[in-house]
Amino acid sequence: MKDSFFANTELIGLIGHPIKHSYSPFIQNYAFDLMNLDYIYLPFDVPSENLKNTVNGVLAFGMKGINVTLPHKEKIIKFLDELSEEASIIGAVNTIVNDHGKLIGYNTDAYGIIETLLPFKDKISGSKVSVIGAGGSARAVIYTLLRHFKPEEINIINRTHQKADTLVNDFSLKMRYDSFHTFELFPPDNVEILNSSRLIVNATTIGMFPDVDDTITDIEASFNADQIVFDLIYNPTKTKFLQLAESQGATIVGGLQMLIYQAAKSFGLWTGVEMPASEIAFKLEKYILSNSL
Ligand code: NAP
């Protein structure tokens, strides 16, 4: 990989808290190198109280842009000048482009979700789905499902019930959809809801590195062999939640493909160059294998 940086090197950042689990620096720096672009991508652990200073820093340093990850995807919006249509409907931003001093927010998670779920489109359309979580990425999941997959009914299951209700109110208004149901996350009460869903999506942080023994549920009856179970978490590549779903015959999908495709879309927004996604995916899998114990 490139080991020299000069006066014209463009700086891209990643902000989040925590940030140590992220593979994005590997993906972006490898892609810059592969495409011979004079860019560098660096992670910054930024707590919420420093968001405004961070945005000012992007402008002051003339950075080309940043990625935004949890828990800042919603809170960052008020510091931006403009939003893409998608980011505005979703209400969350994961990519910022500094366009000559104007900060524009995008949501490329939606693209990663489309690319991941496309092989299952026929099964999802007209079916019942359950989304666990009501944060920034759950919003991108719900937007993508409504716009591209047309499910019959969406259950939103979240620890904080009121956040699920707020999300439903937003999407009912913005996307004119009224087949939502909300539930509090309490696994013994969620068994029937989950088992009767054709697609289940985990959009929470439960089971994410380093808390890899945590899981949404350990009740086998939550799953069946006709289901697709998608966990947005990519570290670990197969969460405990996915392991249980797989043991019940469900088709499981981890978060790595989404990670690659959202990264590819962001890369294109910053550089105007297409990221060779399948080559990067191959390299990332090797990197993960060589870094796991
Ligand atoms: P976020 O906005 O901070 O939302 C976090 C969600 O997790 C909320 O619904 C929160 O519930 C729930 N949660 C957190 N801790 C919990 C606990 N102990 N018990 C129950 N619920 C809990 O985060 P996000 O940006 O949506 O990210 C969510 C996950 O998606 C992360 O694991 C992230 O890595 C993953 N992700 C993956 C990709 C990819 O490319 N594969 C892209 C984006 C995100 P409350 O509302 O009750 O707080």
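The model shown is predicted, which means the values in this text are computed figures rather than measured ones. Numbering of ligands and ligand atoms starts at 1, following listing order.
Those atoms of ligand 1 with a heavy atom of Gly133 less than 4.0 angstrom away are 9 (O). Which parts of ligand 1 touch Ile233 is read off a 4.0 Å heavy-atom cut-off, strictly below it: atoms 32 (O). Residue Lys163 has at least one heavy-atom neighbour below 4.0 Å for each of these atoms of ligand 1: 46 (O).
At under 3.5 Å, a nitrogen or oxygen of Leu232, whether backbone or side chain, sits near a nitrogen or oxygen of ligand 1. In terms of polar-atom proximity, defined here as any N/O pair under 3.5 Å, Tyr234 makes no such contact with ligand 1. Considering backbone and side-chain atoms alike, Leu256 places every N or O at 3.5 Å or more from each N or O of ligand 1. Looking at Ala134 next to ligand 1, an N or O pair under 3.5 Å apart turns up.
For the pair Asn98 (side chain) and Gly101 (backbone), a donor-acceptor distance under 3.5 Å is present. Under a 3.5 Å cut-off, the side chain of Arg159 and the backbone N or O of Leu185 do not form any donor-acceptor pair. Although no hydrogens or angles enter the test, the distance criterion places a donor-acceptor pair under 3.5 Å between the side chain of Lys121 and the main chain of His148.
Nearest protein neighbour of atom 4 (O) of ligand 1, counting heavy atoms only, is Gly135 CA, 3.5 Å. Leu70 CD2, 3.5 Å is the protein heavy atom nearest to atom 31 (C) of ligand 1. Closest to atom 15 (N) of ligand 1 among all protein heavy atoms lies Thr205 OG1, 3.3 Å. When hydrogens are left out, the protein atom nearest atom 45 (P) of ligand 1 is Thr160 OG1, 3.4 Å; that is the closest non-hydrogen contact. For atom 2 (O) of ligand 1, the closest heavy atom belonging to the protein is Gly136 N, 3.0 Å. Scanning the protein heavy atoms around atom 12 (C) of ligand 1, the nearest turns out to be Thr204 CB, 3.8 Å.
The heavy atom nearest to atom 42 (C) of ligand 1, considering only Met258, Glu74, His21, is found in Met258. The heavy atom nearest to atom 30 (O) of ligand 1, considering only Gly207, Ser137, Ala92, is found in Ser137. Nearest to atom 43 (C) of ligand 1 by heavy-atom distance, out of Arg159, His17, Met208, Lys73, is Lys73.
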I would like to know whether Asn155 and His181 meet side-chain hydrogen bond (donor to acceptor under 3.5 Å, both in side chains); could you show each step before the answer?
CA-CA 5 Å; Asn155 300 314; His181 306 281; 4.9 Å; no
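Residue contacts with ligand 1 for Ile206 involve side-chain atoms from C-beta outward but no N, CA, C or O (heavy atoms, distance under 4.0 Å). Only side-chain heavy atoms of Asn158 come within less than 4.0 Å of ligand 1; its backbone N, CA, C and O stay farther off. Proximity of Thr69 to ligand 1, defined as any heavy-atom pair under 4.0 Å, is not found for any part of the residue. Contacts between Ala203 and ligand 1 below 4.0 angstrom, taking non-hydrogen atoms only, involve the backbone exclusively.
The closest side-chain donor-acceptor pair between Thr9 and Asp38 falls under 3.5 angstrom. Using modelled atom types and a 3.5 Å distance limit, the side chains of Asn202 and Thr204 yield a donor-acceptor pair. Residues Ser24 and Asn67 bring no donor and acceptor atom of their side chains to less than 3.5 Å of each other.
No heavy atom of Gly112 sits closer than 4.0 Å to any atom of ligand 1.
The environment of NZ in Lys283 is sparse: at most 12 heavy-atom neighbours from other residues, nucleotides or ligands sit within 6.0 Å. Crowding of Glu274 atom CD: a count of heavy atoms from other residues, nucleotides or ligands under 6.0 Å not exceeding 12.
Using cut-offs of 30° and 60° for the angle between ring planes, the Tyr111 and Tyr261 rings count as perpendicular.
The side chain to side chain donor-acceptor pair (under 3.5 Å) test with Lys73 is passed by exactly one of Asn107, Asn94, Asp109: Asp109.
Taking the six-membered ring wherever Trp is involved, the centroid distance between the rings of Phe241 and Phe223 falls below 6.0 Å.
Salt bridge Glu86/Arg147: absent, no basic N to carboxylate O contact under 4.0 Å.
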